[in-house]
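Below you'll find the structure, written out as structure tokens, and then a few comments.
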Amino acid sequence: QAQLVESGGGLVQPGGSLRLSCTASGFTFDAYAIGWFRQAPGKEREGVSCITNDASTYYADSVKGRFTISRDSAKNTVYLQMNSLKPEDTAVYYCACSAEGPSTFRRLTLATMIPTSYDYWGQGTQVTVSS
């Protein structure tokens, strides 16, 4: 049974940083792309970032230059380093895994930010950016 567990959320002031972790189990980690999504109250879930199994990375325009995604195969973990946080980054952050290969995501980059491209989801971690 595939399982994804997010951690690292919390309360941070504007301009601050957080690092989220997504630890995977129950599937072949190196064969899957991992994506981060977020959902604010009253809004739809939106894609934030994705890293494929060949370490290609993708970012939403709203986080480019501020967020960095990385993966550690030895720990079956994907990280999302979030810097220069803004109040509009406040949301529940979810990680998810996708069996889509790197060539598919290179050809269809928008698919990296679409929830239906992903197969399994974690429970989410709350990030609140407020003074």
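For this chain, numbers begin at 1 and follow the sequence in order. The structure presented is a predicted model; accordingly, all values stated were derived computationally and were not measured.
- Side-chain atoms of Thr90 come within 3.5 Å of backbone N or O of Pro87 as a donor-acceptor pair.
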task = Under the side chain to side chain contact (heavy atoms under 4.5 Å, CB included) rule, what do Met82 and Leu20 come out as? Steps first, then yes or no, please.
result = CA-CA 8 Å; Met82 306 187 297; Leu20 304 184; 3.7 Å; yes
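- Note that the CG atom of Asp89 and the CG atom of Leu18 stand 10.0 Å from one another [nearest 0.5 Å].
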Verdict with supporting geometry, Arg71 and Asp54, salt bridge (Lys or Arg N to Asp or Glu O under 4.0 Å) = CA-CA 10 Å; Arg71 64 192 295 159; Asp54 70 350; over 6 Å; no
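- Side-chain atoms of Asp72 never come within 3.5 Å of backbone atoms of Val78 as a donor-acceptor pair (strictly under, hydrogens ignored).
- In terms of heavy-atom proximity, Ser131 sits nearest to Pro14 at N-CD, 3.7 Å.
- In this structure, the separation between OG on Ser62 and CD on Glu46 is 5.5 Å, given to the nearest 0.5 Å.
- Shown here for Ala96 and Leu4, the closest heavy-atom pair between the two residues is CA-CD1, 3.6 Å.
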key: Step-by-step side chain to side chain contact (heavy atoms under 4.5 Å, CB included) determination, Gln13 to Leu85   = CA-CA 8 Å; Gln13 292 186 342; Leu85 283 162; over 6 Å; no
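- Formation of a donor-acceptor pair under 3.5 Å by the Ser103 side chain with backbone atoms of Gly101 is not found in this model.
- By the 4.5 Å heavy-atom criterion applied to side chains, Ser70 and Gln81 are not counted as neighbours.
- Between Ser49 and Leu80, some side-chain heavy-atom pair lies under the 4.5 Å cut-off.
- In this structure, Thr28 contributes its side chain and Asp30 its backbone to no donor-acceptor pair below 3.5 Å.
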inquiry  = Is there a side chain to side chain contact (heavy atoms under 4.5 Å, CB included) between Arg38 and Val63? Walk through the geometry before answering.
reply    = CA-CA 12 Å; Arg38 65 187 181 187; Val63 306; 4.1 Å; yes
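- Within 6.0 Å of atom CD in Gln123, 12 or fewer heavy atoms from other residues, nucleotides or ligands are found, so the atom counts as exposed in its surroundings.
- Here Phe37 is tied into one hydrophobic group with Tyr58, Val92, Tyr94, Phe105, Met113, Tyr118, Trp121, each link being a pair of ILVMFWY side chains closer than 4.5 Å.
- Residue Phe27 places its CZ atom among more than 12 non-hydrogen atoms of other residues, nucleotides or ligands, all under 6.0 Å distant.
- In this structure, the side chains of Trp36 and Ile51 stay at 4.5 Å or more apart for every pair of heavy atoms.
- Heavy-atom minimum distance, Ala33 versus Thr52: CB-CA, 3.8 Å.
- The shortest non-hydrogen separation linking Cys50 to Thr112 is CB-CB, 3.9 Å.
- Salt bridge Lys64/Asp61: present, at least one basic N to carboxylate O contact under 4.0 Å.
- Environment of CD in Glu44: sparse, with no more than 12 heavy atoms of neighbouring residues, nucleotides or ligands closer than 6.0 Å.
- Residues Pro102 and Asn53 approach most closely at CG-OD1, 2.8 Å, considering heavy atoms.
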query = Stepwise, does the side chain to side chain contact (heavy atoms under 4.5 Å, CB included) test hold for Thr125 with Ser7?
reply = CA-CA 6 Å; Thr125 185; Ser7 61; 5.8 Å; no
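- Panel note: side chain Arg66, backbone Ser84; a donor-acceptor pair is recorded below 3.5 Å.
- Put simply, the side chain of Glu6 gets close to the backbone of Gly124: a donor and an acceptor are under 3.5 Å apart.
- At least one donor-acceptor pair closer than 3.5 Å links the side chain of Ser117 to the backbone N or O of Ala111.
- Nearest heavy atom pair, residue Ile34 against residue Cys97, reads CD1-CB, 3.6 Å.
- No continuous path of ILVMFWY side-chain contacts below 4.5 Å connects Tyr79 to Phe67, so the two sit in separate hydrophobic clusters.
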